[in-house]
Amino acid sequence: REDFTISNDVGLTVTFSGESGLVKGISLDGQTVDLDQNFYFYEGMSGNNSKFEFRASGAYIFRPNVSSTSAAPTMITSNIFSYHVYQGDLLTEVHQVFTDWVSQVVRVYKGRKEVEFEWLVGPVPVGDSIGREIITRYSTNLATSATFQTDANGRELLTRKRDFRPTWDYKVNEPIAGNYYPVNSRIILQDETNGVSLVVLNDRAQGGSSMNDGEVELMLHRRLLFDDAFGVGEALNESAFGEGLVVRGRHWVILGGKDPAPLHRPLAQEIFMDRIISFAPYEESNAINPKIL
Amino acid sequence: LDEVFVLEEALAVMQHHDAVSGTAKQHVTDDYALRLSIGMNSCSSAMSSAMGGDTTFCHSLNISSCSFTENRTDFLVNVYNPLVREVKNVYVRVPVVGSEGWRVVGPDGVVVESQVVMIPLEVTRIPGREGGAEFEVVWRVDSLLGLGWGVYRLSQSGDDAGQKSVLLRKGPGKGFS
């Protein structure tokens, strides 16, 4: 039940709670940040789209039912079902099972400064007729003054401020969705006072936000039961093999200083232009093999 | 170039139609997937020709599945770096069936450090996932030049085998029942 850590040769350490099995801290180069990570869901708004207030959450519109969730998402579980820690010289990983439809591997590689989170979500249960939009949230103790940064198509990083627009007086109608932005490659929290930053890079474009200071959330999966009346005529309720879809993907978390760009820019390039792997049989008698080698 | 153009055209059609985002009826999305698949196969054929060999691509590596590697105990892995700059200290994962005796030999003929890790059970149970890979061989690529590649030979020889992950600790969460 005691807390445990995984670490590597470049001073990256991730601390886990032995009680819950969840991530609770990260440290690198002498900097330490409290980091809670878990999975949550928003209930998708249902409706017939006859009025603004009856507009359903769907493919085009992210619209959580804030009246039923008090504008906060529901935690899928506060204590994971089980965890296993596998260690070797090259990498150490923690396999976490949250529920029968959410699991994750947290990895630390030798010589690398980022923590890899590989999540697996689905099929999302909707048997109670409630559509669900699944997010993961990284919560830290960073003082971020309602601001965070997201990228614009992987290029310029733009500063976003909660419940604020730089060029007009913003009236909050959608407390959650109104603060969601496209996250094509990364979302960043910066604590200017203490000179600490946390960068989360993703492997695909996702929606993301920082709903509270020191927090980052990214949407992983959506399964909704109503059409949002923007022309598709079908709910975003994809299925395969008689069940909802399963998604698997990765986030990379970097703990940086005042200027984290030297860490996240090269990594983002490597993620976007990832190595291409191909295979060929090896046969001693095949003349092409020595040539390839 | 004709083979590459099949994928180029499919991607152009899909970008124009805002495809693969849930904003289309399912049968339209199915058609996008079909066009993409045809284009990827065509492009794979072109790349295989360029590399002058019997090259195979695995499109299910994202769920740790590859029928090619799962049915062999001795094969080559070509790792290509599409960036124009050198990358260093990156890792490659290949799904395999058995965990014992995997050896990885690098481009210079020297055995490289590797580790066999277990694929989470939840991944092996993904509906529709075919194949029986329960492990992945992971190794470190020290350096790949810009637009360059390195070929690695994986064999289940038993000699100079890489390390297997060790189960260090396990525990049920508090909510275990």
Side-chain angles (χ1 to χ4, degrees), chain A residues 1 4 18-22 58-60 77-93 95 97 103 105 109-112 120 123 222 230-234 236 238 240-243 246 248-249 269-270 273-283 288-289 291-293, chain B residues 21-26 47 51-58 61-63 66 68-69 72 74-83 87 89-92 94 107 113-115 117-118 120 122-123 126-128 138 140 144 151 153 155 163-176:
Chain A
R1 293 296 180 190
F4 60 97
E19 187 73 21
S20 68
L22 295 165
Y60 283 91
T77 179
S78 57
N79 291 288
I80 64 180
F81 181 73
S82 68
Y83 65 85
H84 292 77
V85 185
Y86 294 98
Q87 192 178 45
D89 286 343
L90 279 183
L91 69 146
T92 302
E93 52 187 28
H95 295 201
V97 179
S103 61
V105 179
Y109 286 100
K110 184 179 177 182
R112 304 290 311 191
L120 182 75
R222 314 176 72 203
F230 271 80
V232 181
E234 290 178 3
L236 186 64
E238 300 160 287
F241 306 99
E243 298 184 85
V246 178
R248 190 188 193 199
Q269 283 183 340
E270 290 173 21
M273 299 287 273
D274 198 3
R275 273 75 61 196
I276 296 173
I277 312 293
S278 58
F279 305 93
Y282 185 85
E283 294 157 11
I288 203 78
N289 284 165
K291 187 179 164 191
I292 290 177
L293 274 171
Chain B
S21 67
T23 54
K25 285 184 185 294
Q26 189 60 48
M47 288 180 74
M51 289 157 64
D54 182 13
T55 306
T56 300
F57 293 83
C58 286
L61 289 173
N62 63 335
I63 51 170
C66 174
F68 183 92
T69 61
R72 282 173 177 78
D74 197 353
F75 54 89
L76 302 174
V77 182
N78 182 27
V79 186
Y80 171 66
N81 171 25
L83 279 173
V87 292
N89 191 24
V90 293
Y91 286 83
V92 178
V94 170
E113 196 178 7
S114 64
Q115 188 174 329
V117 300
M118 183 180 277
E122 295 70 37
V123 173
I126 291 173
V138 184
R140 183 163 71 171
L144 277 176
V151 180
R153 181 183 172 192
S155 57
Q163 187 188 42
K164 281 171 65 179
S165 291
V166 177
L167 177 61
L168 195 68
R169 179 189 177 112
K170 64 177 179 178
K174 198 176 176 183
F176 181 83

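Residue numbering restarts at 1 for every chain, and letters A, B, ... go by the order of the sequence lines.
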Inter-residue atom distance [X].[atom1] - [Y].[atom2], 0.5 Å rounding:
| X | Y | atom1 | atom2 | value |
| --- | --- | --- | --- | --- |
| A:His95 | B:Ser165 | NE2 | OG | 7.5 Å |
| A:Tyr86 | B:Met118 | OH | CE | 4.5 Å |
| B:Glu113 | A:Leu90 | CD | CG | 4.0 Å |
| A:Ile277 | B:Thr69 | CD1 | OG1 | 11.5 Å |

Name the region of [X], side chain, backbone, both or neither, that has any atom closer than 4.5 Å to a heavy atom of chain B.
| X | result |
| --- | --- |
| A:Phe279 | both |
| A:Ser103 | side chain |
| A:Gln269 | both |
| A:Arg222 | neither |
| A:Leu22 | neither |

Chain A heavy atoms under 4.5 Å from [X]: which part of the residue, side chain, backbone, both or neither?
| X | answer |
| --- | --- |
| B:Tyr91 | both |
| B:Leu168 | both |
| B:Gln115 | both |

Taking all heavy atoms of [X] and all of [Y], pick out the closest pair and write down the distance.
| X | Y | answer |
| --- | --- | --- |
| B:Pro127 | A:Val246 | CD-CG2, 3.9 Å |
| B:Ala24 | A:Glu234 | O-OE1, 4.4 Å |
| B:Phe68 | A:Pro281 | CZ-N, 3.3 Å |
| A:Glu270 | B:Val87 | CG-CG1, 3.8 Å |
| A:Ala59 | B:Thr23 | CB-CG2, 3.8 Å |

Check: [Y] and [X] side chains under 4.5 Å, non-hydrogen atoms:
| X | Y | result |
| --- | --- | --- |
| A:Arg112 | B:Val90 | yes |
| A:Glu93 | B:Val117 | yes |
| B:Asn62 | A:Arg248 | no |
| A:Val105 | B:Pro120 | yes |
| A:Ile276 | B:Phe57 | yes |

- Message: Does B:Lys25, at its NZ atom, have more than 12 non-hydrogen atoms belonging to other residues, nucleotides or ligands within less than 6.0 Å?
- Response: yes
Who wins among [options] for the most heavy-atom pairs under 4.5 Å with chain A?
| options | answer |
| --- | --- |
| B:Val94, B:Val123, B:Leu61 | B:Val123 |
| B:Arg140, B:Gln163, B:Arg72, B:Gln26 | B:Gln163 |
| B:Val138, B:Leu144, B:Asn81 | B:Val138 |

- If you tally heavy-atom pairs under 4.5 Å between each of A:Leu120, A:Val97, A:Leu236, A:Leu91 and chain B, the highest tally belongs to A:Leu91
